[in-house]
Student: 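Structure in structure tokens, see below.
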Amino acid sequence: MLDIKVIREREEDVRRALASRGAQVDLDGILELDRRRRAHLTEVETLKNRRNVVSKEIGTLKRTGQDTAALQAEMRAAGDRITELDQQVRGVEDALNEALLRVPNLPHASVPVGADASGNQVVRTHGEPRRFDFEPQPHWQLGKRLKLFDFERAARMTGAGFPLYWGRGARLERALIQFMLDLHTKEHGYTEVAPPFLCNAASMTGTGQLPKLAEDMYHVPLDGLYLIPTAEVPVTNLFREEIIQDPLPIRLTAYTPCFRREAGAAGKETRGLIRVHQFDKVEMVKFVEPESSYEELERLVKDAEDVLQRLGLTYRILALCTGDMSFAAAKCYDIELWAPGQNAWLEVSSCSNFEDFQARRAQIRYRNAAGKVSYVHTLNGSGVALARLVVALLENGQQADGSVCLPEALWPYMDGVKRLE
RNA sequence: GGAGGGGUGGCUGAGUGGUUUAAGGCGCCGGUCUUGAAAACCGGAGUGUCCUUACGGGCACCGGGGGUUCGAAUCCCUCCCCCUCCGCCA
């Protein structure tokens, strides 16, 4: 959420920044609500002041046995008017808040300007796409022959897009989770947390999934809960409505499954594991002081890259442009893996700095060096998302006979199994 | 799911309708004293928001929301959470 004071005082800057990301926002309407809110407040608070003073006076008069009927009658009328004005204030505040919750974050000055994904910039590429002396197969063929997963049975028990891993496929999934958590906790300085997989509406609003993206989530109306689309939600909301007492930065990592309805994506990239309704992911989340958040963003990307480098995979880093960034991000890097069976790059991580956008929504604050309470900056990034990581491992490690060589870093996690065959 | 007990500031803990502008204690910050520290003493300190160039002032906040009243931490309704016991259960 943007600070209404910033909108009020730097209206033209805000307009320009929102336009650069192609956002349609009724700033005039928001500013008008803001004006009305303040005008109403001034009026009702003057009345309340009078009521407080007179009520105290009534108390004093009554103690000395004097008649207060006239004053009480006057205050009753004032009370009615206060009730009326309070309702107006609430109405305006609700409308203002509702509008502000739908305004996206402002892009950082370093974000490339562009209208859509074609404006994204390749920051760096690591490794070379592997050359094959045979026709590389897509992962669904490799996985079927090696009995790593069973999409047909999973579709029968649940539905399309809910993968079922089998045998060494299931083991590979678990091994990768373990490998990534170990790396982040033992070498990158993160603390592991294991959060709930469902969150309430307030948490979903805090990180920015609600109100705009409701149709992208699985909802359990009976309990008012949503299945998490990413561990970002529970882990960022860990400190919701708190003034954090622990020293910053706080770096957390969590494994969770992720659930996404992928509304509107039907028929697109739906084959195999590329786009699914449930996938596993290891996430990294940081709470930092504003001064260091961009430094922390670069470190976050490095921590995600380390996973891929140790697995010997070819990837590239994209700086997303203004028009392609997600709602809450001020700056975002995507990491894409090369998948030879698709002849395409697959997004396996999105590393974002939200600055104080989520912190303001979720009321996550800390005391700065001067002792003043202020909003933290929040960041998160996948480190990394599993299903597509498995795709890249299978397609890059495949041999002419259809077997798959696993990178050395995984051998200890696979009981020494070096090759799936 | 049933019954009972609770939710007050960073922590602890008083407060059942009007000098409560939320007592006291602990912790915290500043000062005096000291070579330094501790102790003691003195002082300070919440969050949000509105008005104001500033100085300063107002309003709101005692788990959330609503109500009664001239006036609510206090009374009423409702929801949430925590604790104890019972039931069920991996």
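No hydrogens, no waters, no symmetry mates; every other heavy atom, side chains included, goes into these values. Computed from a predicted model, the values in this text were never measured in an experiment. A note on names: the letters A, B, ... follow the listed sequences, proteins ahead of strands, and every chain is numbered from 1.
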Student: Between B/rC59 atom C1' and A/Gln88 atom CD, what is the distance in whole Å?
Tutor: 17 Å
Student: Scan residues 53-111 of chain A for pairs that pass ring-ring contact (aromatic ring centres under 6.0 Å, His included), counting only residues two or more places apart or in two chains.
Tutor: A/His108-A/Tyr294
Student: B/rG9 P sits how many Å from A/Glu242 CD, rounded?
Tutor: 14 Å
Student: What distance, rounded to whole Å, do you find between the two P atoms, one in B/rC77 and one in B/rC83?
Tutor: 25 Å
Student: Which pairs of donor and acceptor atoms, one on a side chain in residues 68-82 of chain A, lie under 3.5 Å apart (sequence neighbours left out)?
Tutor:
unit_1  : atom_1 : unit_2  : atom_2 : d
A/Thr68 : OG1    : A/Gln72 : OE1    : 2.9
A/Gln72 : OE1    : A/Lys62 : NZ     : 3.4
A/Glu74 : OE1    : A/Arg50 : NH2    : 3.4
A/Glu74 : OE2    : A/Arg50 : NE     : 3.4
A/Glu74 : OE2    : A/Arg50 : NH2    : 2.7
A/Arg81 : NH1    : A/Glu84 : OE2    : 2.8
A/Arg81 : NH2    : A/Glu43 : OE2    : 3.1

Student: Near RNA chain B, which residues from residues 47-58 of chain A have a heavy atom under 4.0 Å away?
Tutor: A/Lys48, A/Asn49, A/Arg51, A/Asn52, A/Ser55, A/Lys56, A/Ile58
Student: Under the salt bridge (charged side-chain N to carboxylate O under 4.0 Å, His left out) test, which residues partner A/Arg260, sequence neighbours left out?
Tutor: none
Student: Can you tell me, in whole Å, how much space there is between the P of B/rU74 and that of B/rC62?
Tutor: 8 Å
Student: Could I get the full list of side chain to side chain contact (heavy atoms under 4.5 Å, CB included) partners for A/Ala344, not counting sequence neighbours?
Tutor: A/Gln342
Student: Can you run down the side-chain hydrogen bond (donor to acceptor under 3.5 Å, both in side chains) pairs that involve residues 209-224 of chain A, sequence neighbours left out, and say none if there aren't any?
Tutor: A/Thr207-A/Gln209, A/Tyr218-A/His277
Student: Dot-bracket for RNA chain B: what is it, with Watson-Crick or G-U pairs under 3.5 Å, [ ] where a pair crosses earlier ones, and | for a pair to another strand?
Tutor: ((((((((.[[[..)..(.....]]].(((((.......))))).((((((....)))))).[[[[[..)....]]]]])))))))....
Student: When the P atoms of B/rG27 and B/rU84 are considered, how many whole Å apart are they?
Tutor: 30 Å
Student: Mind listing the side-chain donor-acceptor pairs of residues 21-31 of chain A below 3.5 Å, one per line with the distance, residues two or more places apart or on another chain?
Tutor:
unit_1  : atom_1 : unit_2   : atom_2 : d
A/Arg21 : NH1    : A/Asn105 : O      : 2.7
A/Arg21 : NH1    : A/Ala329 : O      : 3.3
A/Arg21 : NH2    : A/Met325 : O      : 3.2
A/Arg21 : NH2    : A/Ser326 : O      : 2.7
A/Asp26 : OD1    : A/Gly29  : N      : 3.0
A/Asp28 : OD1    : A/Arg15  : NH2    : 2.8

Student: Side-chain N or O of A/Arg367 versus OP1/OP2 of B/rA45: is the shortest distance under 4.0 Å?
Tutor: no
Student: Any side-chain N or O of A/Arg38 under 4.0 Å from OP1/OP2 of B/rU49?
Tutor: no
Student: Please give the distance between the P atoms of B/rU16 and B/rC75 as a whole number of Å.
Tutor: 9 Å
Student: Using a cut-off of less than 4.0 Å, is there contact between a side-chain N or O of A/Arg360 and OP1 or OP2 of B/rG48?
Tutor: no
Student: Using the side chain to side chain contact (heavy atoms under 4.5 Å, CB included) criterion, which residues pair with A/Lys302? Sequence neighbours excluded.
Tutor: A/Arg124, A/Glu305
Student: Just grab all the ring-ring contact (aromatic ring centres under 6.0 Å, His included) pairs involving residues 351-379 of chain A, residues at least two apart or on different chains.
Tutor: A/Phe327-A/Phe357
Student: Going by number, which of residues 67-78 of chain A have a non-hydrogen atom under 4.0 Å from RNA chain B?
Tutor: A/Gln72, A/Met75, A/Arg76
Student: Among residues at least two apart in sequence or on other chains, which ones pass ring-ring contact (aromatic ring centres under 6.0 Å, His included) with A/Tyr255?
Tutor: none
Student: Give the rounded distance in Å between these two atoms: CG of A/Asp34 and P of B/rC51.
Tutor: 8 Å
